[in-house]
Every structure is written in C-alpha cells, then in structure tokens.
Protein chains: 2
Amino acid sequence: MKLSTKGRYGLRAILDLAVHGNDEVVALSQIAVRQNISINYLEQLISRLKKAGIVNGIRGAQGGYVLAIPAEEISVGDILRALEGDLDPVDCSELKGDSTCSSSDVCVTKYVWKRISDSINDAVDGIMLSELVNESKKVHEEISIKNSDKASSMC
Amino acid sequence: MKLSTKGRYGLRAILDLAVHGNDEVVALSQIAVRQNISINYLEQLISRLKKAGIVNGIRGAQGGYVLAIPAEEISVGDILRALEGDLDPVDCSELKGDSTCSSSDVCVTKYVWKRISDSINDAVDGIMLSELVNESKKVHEEISIKNSDKASSMC
DNA sequence: TTTAAATCCAAGTGAATTAATAGGAATTAA
DNA sequence: TTAATTCCTATTAATTCACTTGGATTTAAA
C-alpha cells in the first residue's frame, strides 16, 4: 500500500517545474540536478505527465517542459493518477462501474475497497498544484530570512 | 498503490471466521475451502492477526481460531494494519512524528502524504468488522430468498 | 550548415518484493 | 495412540520496481 517512486519523484518533479518555470521552459537536466533524480528516469515520469496533458514538451536545443495548464487547475490527484495509474487499493471492476464481477453479489469487502478508494481520491483531488507552489515559496522565504538573520548576527 | 493479497485474503478470512464462528472455533481448513485460499498461506495471514491480538488460536485436534475480542470492537483498520503493516502511502518519518528527516524543512510533498494517510486511516477505522458481518448475513439471506422463490415457481 | 542541447522512445537488466509452497515440530481431543 | 490441528521456518517461482542503455529526432545558436 505504498506509492512507487513514480508518484513520489514525479510529484516533486512537476512541483519543481511549476516553481522554477515562470512562463519559461525548464530542461529536465535542471530538475534532475535540483531534485537529485536520474535524468533518464525523469524522462519516463514526465512522459506520463505529457500523455495526460499536464505538461507540454518543447523539443530541440533550449527546449524543455512547461505546464500545459495553469497550476490552479492541476490537482495532485491528476498528477498522481497520471504517474501511478488509478489510486484504487484493489483491482475491482465494481469500483469502476463495470459490474461484470461474477462474485459481485456475495462480495462484501468491495464496500471497504470503495470507501478507501473514495477517501484517497477525494483527498488528492482537493489539493491543487498551486497550493504546493505557494507552500514551497513560503518555505524558501523562511529559510532565506533565517539565513540573513544568521548573517546579520555574525556582523 | 495496491493492497497485497495479505490484506485482501486476510480480510476475507477474518470475515469468514466472524460469520461462521458463533462462539465456536473455526479450523483454518474450513476457511481455506470456503474462501479458496491455500491453507498454508492462510496460516501466515492468521498468524499476523494473532500477533495483533485480534484472534486466538486453539491448538490440537478440534482446535481452530476464534475472535479474541467482539467484532464490534475490531475495526477494518486494525485488521488491515495487522496484515499489511502501516497504511501510509510513503515511508516518511514525519508522518509517524519522528521529525528526524534532514530535508523536513524544504519538503512540501509531506503535506500531501499526510492528507492521504489520514484519509485512508480514517476511512478504515470507521468500519467495524461487525458491520461487514451484518452486511454478509443480509446478502446471504437475500440469496436464499431468491432461491426459494425460484423453487416455489418451479412447483 | 554544422553542432550541441534537448526531447522522445523502446528495450533490457539487476534487485527486491510478493505469493506462495514445503516440511516438520508441538499440542490436544477423541 | 492416533489423527487433527496450530505453529514455525525455510525455500522458491513469479512478478514488479527502479532504474540503465542506446539510440532517433528535433531545433536554437554558432
């Protein structure tokens, strides 16, 4: 019941992209260095985000990636589902409305899986990328204030 | 982001035990047949539930297992955590209150993991085994009514 | 026009984890 | 004494994960 590195690294990567890309393209190599993730592996992660329409790739020299839509309109749920596939705790066709499961009528545990699935998806859909960007900027401001305090106390 | 067979089979197994054990011990062999799970594998699952104090084992011939506490006092969360380990989406010391993580101050994604973790644990802690037992009995009643209808229409 | 920087893509690989299987020791009711 | 059962540990087959490798393609800039 753990997210893989796809989800963990991928969320860090797109947050990095959103924080550092102010209408400018960001090359994967920069994200790779800042986030300490292999550039080759990052390619695979960003490729999923691209297929999901979350980022756009710009090819060629000086190329890179940009958000395809504003950070206010991208939920963490969109990002994690693009990276990980569905966030359901089990593969159960009932959860997706298929109702082709042969033991559907005697299956009681499906109610449990449904409750877990809904709670996860509601949680991640309620957090927008822009919130994380704001939080991240706040955190970095605090650190630079702390550092300037330290510097001034040294004078 | 999937539960393993430990959680899925294990929940079915203890639900079977709760439904069929009315103050009587239930042998693993019976659960294994009804739930179509290898008895050897079931042993490993039930052993985790035993260590967590959820079931008691009674050794020897005519032995088996019983719930260690009433089904009303056992949450699905207790069961799944006993079987799977913690239900957190990532291994993050902050989530467990350790606060020894070196990148804690610049880590923004931890808020996401915390929200997911809380929502999962709240969901499973809000379902008691007794509810599943009731649901299961209801389902089986409905099936037997359906069958008696069928039988009477054949007369 | 060449070159270097970048995305894009598919296949391969080693390590780790999962899902069992196997075999036997210990216990106990009949 | 026997058969049924829990209890415990080790092994194994299959799968998944987390990358790595090796290119092909595109494009800005020299």
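Below, chains carry the letters A, B, ... as their sequence lines are ordered, and counting in each starts from 1. Below, all heavy atoms of this structure are taken into account, side chains as well, without hydrogens, waters or symmetry copies.
For the pair A:Ile46 CD1 and C:dC9 C1', the computed distance is 15 Å after rounding to whole Å. Rounding to whole angstrom units, NZ of residue A:Lys2 and C1' of D:dT16 are separated by 16 Å. In this structure, B:Arg48 atom CZ and D:dC8 atom P are separated by 14 Å, rounded to whole Å. For A:Ile39 and D:dT21, the CD1 to P distance is 14 Å, given to the nearest whole Å. Computed from coordinates, the B:Asn40 CG to C:dT21 C1' distance equals 6 Å when rounded to whole Å. Straight-line distance from the CG atom of A:Leu49 to the C1' atom of C:dC9: 16 Å, rounded to whole Å. Atom P of nucleotide D:dT16 and atom CG of A:Asp91 are separated by 10 Å, given to the nearest angstrom. Distance CD1 (B:Ile58) to P (C:dA29): 10 Å, rounded to an integer number of Å.
Considering only side-chain N and O atoms, A:Ser38 lies under 4.0 angstrom from the phosphate OP1 or OP2 of D:dT20. For the OP1/OP2 pair of D:dC7 and a distance below 4.0 Å, the side-chain nitrogens and oxygens of B:Lys50 include at least one atom meeting the criterion.
Taking for each of B:Tyr65 and B:Ala61 the nucleotide of DNA chain D with the nearest heavy atom, the 5'-most of the two is the partner of B:Ala61.
At a threshold of 4.0 angstrom between heavy atoms, the contacts of A:Gly60 include nucleobase atoms, whether or not backbone atoms are also involved.
Here C:dT17 sits opposite D:dA14 as a Watson-Crick or G-U wobble pair (both hydrogen-bonding atom distances under 3.5 Å).
For A:Gln44 and D:dT20, a side-chain-to-base donor-acceptor distance below 3.5 Å is present, hydrogens and geometry of angles not being considered. Between the side chain of B:Arg59 and the base of D:dT6, a donor-acceptor pair under 3.5 Å is found.
The backbone N or O of B:Asp88 lies less than 3.5 Å from a partner atom in the side chain of A:Lys2, making a donor-acceptor pair. A donor-acceptor pair is defined here as one N or O able to donate and one able to accept, closer than 3.5 Å; such a pair exists between the side chain of B:Glu84 and the backbone of B:Ser4. Side-chain atoms of A:Arg8 do not come within 3.5 Å of backbone N or O of B:Val90 as any donor-acceptor pair. In this structure a side-chain-to-backbone donor-acceptor pair under 3.5 Å is present from A:Asn121 to A:Ser117.
Picking from C:dA20, C:dA29, C:dA19 the nucleotide with the shortest atom distance to the side chain of B:Ser4 gives C:dA19. Among the nucleotides D:dC7, D:dA18, C:dC9, the one closest to any side-chain atom of B:Glu43 is D:dC7. In this structure, the nucleotide among D:dC19, C:dA6, D:dT6 sitting nearest to the side chain of A:Thr5 is D:dC19. Set against D:dT5, D:dT20, C:dA19, the side chain of A:Tyr41 has D:dT20 as its closest nucleotide.
Contact annotation: the side chain of B:Arg48 approaches that of B:Lys6 to within less than 4.5 Å [non-hydrogen atoms, C-beta and beyond].
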